Amino acid sequence: MPRRLALSRRLTTAAGWPTGVALTSFRYLWRTTPMTRHECAAPWDELLPPPLPHAAGHDEVQAPRHGAGPLFHRRYAVTIAGAQMTPEQVIRRVARDVDCVAPTEFASFQKVQGDEGRMATNDEYVVRMAAPWDGPVRVVDTTPTSFRLATLDGHLEAGQIEFRAYRQGDLLRFEIESWARSATRTVHALYDVLRMAKESQTHMWVSMLERIVGLAGGRRHGRLEVLTRRAEAP
């Protein structure tokens with residue numbers, strides 16, 4: 001089972017790193033999207049990710065216990081008015097090709113296991129970022145309105161992330177929720193101490209939320225929301 005991209009695809013992606021880094025930095029510095037950010041402490045046990053379903057492969061999964069530093073629970077959310085798509089249609093479209101809403105100049109979801117054009121449990125992707133590393137993930141759960149990924153060996157984080165859509169009255173709500181620690185002490189220093197990776201991560205998922213609004217054919221209702229809860233290792 002492949003765990004890395006073919007050399008030709010890696011070289012093609014690497015060729016775009018300088019442009020990707022420049023574009024990402026420019027857009028981050030000039031971002032004007034109204035956003036509410038809140039950060040607080042929470043007990044360790046409250047921030048653990050959901051259990052892995054039995055149908056999902058557990059080999060090579062990086063769980064929070066394998067990581068370093070604090071455990072973070074983060075939720076990025078946008079509320080959409082006038083959406084032309086149902087929650088099921090939004091998730092179906094994103095699951096078919098995550099790059100349709102990903103900021104591909106910074107991070108591209110490239111499938112290495114599973115059928116193209118659909119998403120199923122145990123499919124695997126490599127998230128290629130504007131830096132010399134891979135972000136391997138496995139699909140561990142899918143529903144008509146959500147899908148959840150777990151990080152694999154070699155990823156910068158140890159944990160899970162879920163993408164979901166649902167109705168909130170006449171509005172459409174889309175959320176990205178993660179439960180993860182840094183994979184190593186070096187990553188912890190970049191993520192939590194220097195905050196470089198943390199801000200890049202926020203930029204990545206907020207950019208995706210903005211693209212979700214366009215995909216759904218609606219308009220943003222209120223501010224984007226970023227909630228961060230943090231627990232120190234017991």
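The shown structure was predicted, so the numbers you read here are calculated from the model rather than taken from an experiment.
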Contact summary for T121 and A56, nearest pair of heavy atoms: CG2-CA, 4.0 Å

Treating D99 as the side-chain partner and F109 as the backbone partner, does any N or O pair qualify as donor plus acceptor under 3.5 Å? yes

Nearest 0.5 Å, what's the OH-CD1 distance between Y76 and I212? 15.0 Å

If you measure from the Lys or Arg side-chain nitrogens to the Asp or Glu carboxylate oxygens, is any gap between E116 and R118 under 4.0 Å? no

Euclidean distance, T36 OG1 relative to R223 CZ, rounded to 0.5 Å: 5.0 Å

Please check this pair: side chain of T151 against backbone of Q62, looking for a donor-acceptor N/O pair closer than 3.5 Å. yes

Partner of E225 by salt bridge (charged side-chain N to carboxylate O under 4.0 Å, His left out), out of R173, R220, R74, R37: R173

For L149 and V137 the tightest heavy-atom approach is CD1-CG2, 4.1 Å

Which heavy atom of G67 sits nearest to which heavy atom of R181, and what is that distance? O-NH1, 3.4 Å

Are H221 and I80 packed together at the side-chain level, in the sense that at least one heavy-atom pair is separated by less than 4.5 angstrom? no

Run M119 and V98 through side chain to side chain contact (heavy atoms under 4.5 Å, CB included) and show every step you take. CA-CA 10 Å; M119 180 184 289; V98 186; 4.0 Å; yes

Between D59 and R138, is there a side-chain N and carboxylate O pair less than 4.0 Å apart? yes

With the side chain counted from C-beta on, respond yes when P87 and R167 share a heavy-atom pair under 4.5 Å apart, and no when they do not. yes

Go through Y125 and V112 one step at a time and tell me if the side chain to side chain contact (heavy atoms under 4.5 Å, CB included) criterion holds. CA-CA 5 Å; Y125 296 79; V112 294; 5.8 Å; no

Does the side chain of L172 reach to within under 4.5 Å of the side chain of T79, using non-hydrogen atoms? no

Show the numbers, then the answer: is there a side chain to side chain donor-acceptor pair (under 3.5 Å) between T33 and E210? CA-CA 9 Å; T33 305; E210 291 175 324; 2.2 Å; yes

Can you tell if the side chain of M35 reaches within under 4.5 Å of the side chain of V226, non-hydrogen atoms only? yes

Distance check, rounded to the nearest 0.5 Å: Q201 atom CD versus F106 atom CZ? 9.0 Å

Using every non-hydrogen atom in the two residues, find where A42 and R229 come nearest and quote the distance to one decimal. CB-NH1, 4.0 Å

Establish, from distance only, whether the side-chain atoms of E177 and Q160 form a donor-acceptor pair under 3.5 Å. no

Quick one: do M204 and V213 end up in the same hydrophobic cluster if we chain Ile, Leu, Val, Met, Phe, Trp and Tyr together by side-chain heavy atoms under 4.5 Å apart? yes

Okay, side chain of T143, backbone of T145: is any donor-acceptor separation there less than 3.5 Å? yes

If you apply the rule side chain to side chain contact (heavy atoms under 4.5 Å, CB included), what do you find for M85 with L215, and how did you get there? CA-CA 8 Å; M85 300 174 72; L215 175 70; 4.2 Å; yes

Kindly compute the distance separating CG (L224) from CH2 (W205), expressed to the nearest 0.5 Å. 14.0 Å

Under 3.5 Å, side chain of H66 to main-chain N/O of G159, donor-acceptor pair present? no

Between F72 and S182, is any pair of side-chain heavy atoms under 4.5 Å apart? no

With a 3.5 Å distance limit and no angle check, can you tell me whether Q89 reaches the backbone of T86 through a side-chain donor-acceptor pair? yes

Derivation of the side chain to side chain contact (heavy atoms under 4.5 Å, CB included) call for H73 and S178: CA-CA 6 Å; H73 169 235; S178 66; over 6 Å; no

Identify the two heavy atoms, one from E175 and one from A77, that lie closest to each other, and give their separation to 0.1 Å. CG-CB, 3.8 Å

Side-chain (R148) to main-chain (E162) donor-acceptor, under 3.5 angstrom: no

Please confirm whether the backbone N or O of A107 pairs with a side-chain atom of T104, one donor and one acceptor, at under 3.5 Å? no

Taking all heavy atoms of G114 and all of D123, pick out the closest pair and write down the distance. CA-OD1, 3.4 Å

Using 30° and 60° as the class limits, which term best fits the ring planes of F147 and F163: parallel, tilted or perpendicular? parallel

First locate atom CD1 of I91, then atom OG of S146, and finally report the distance between them rounded to the nearest 0.5 Å. 6.5 Å

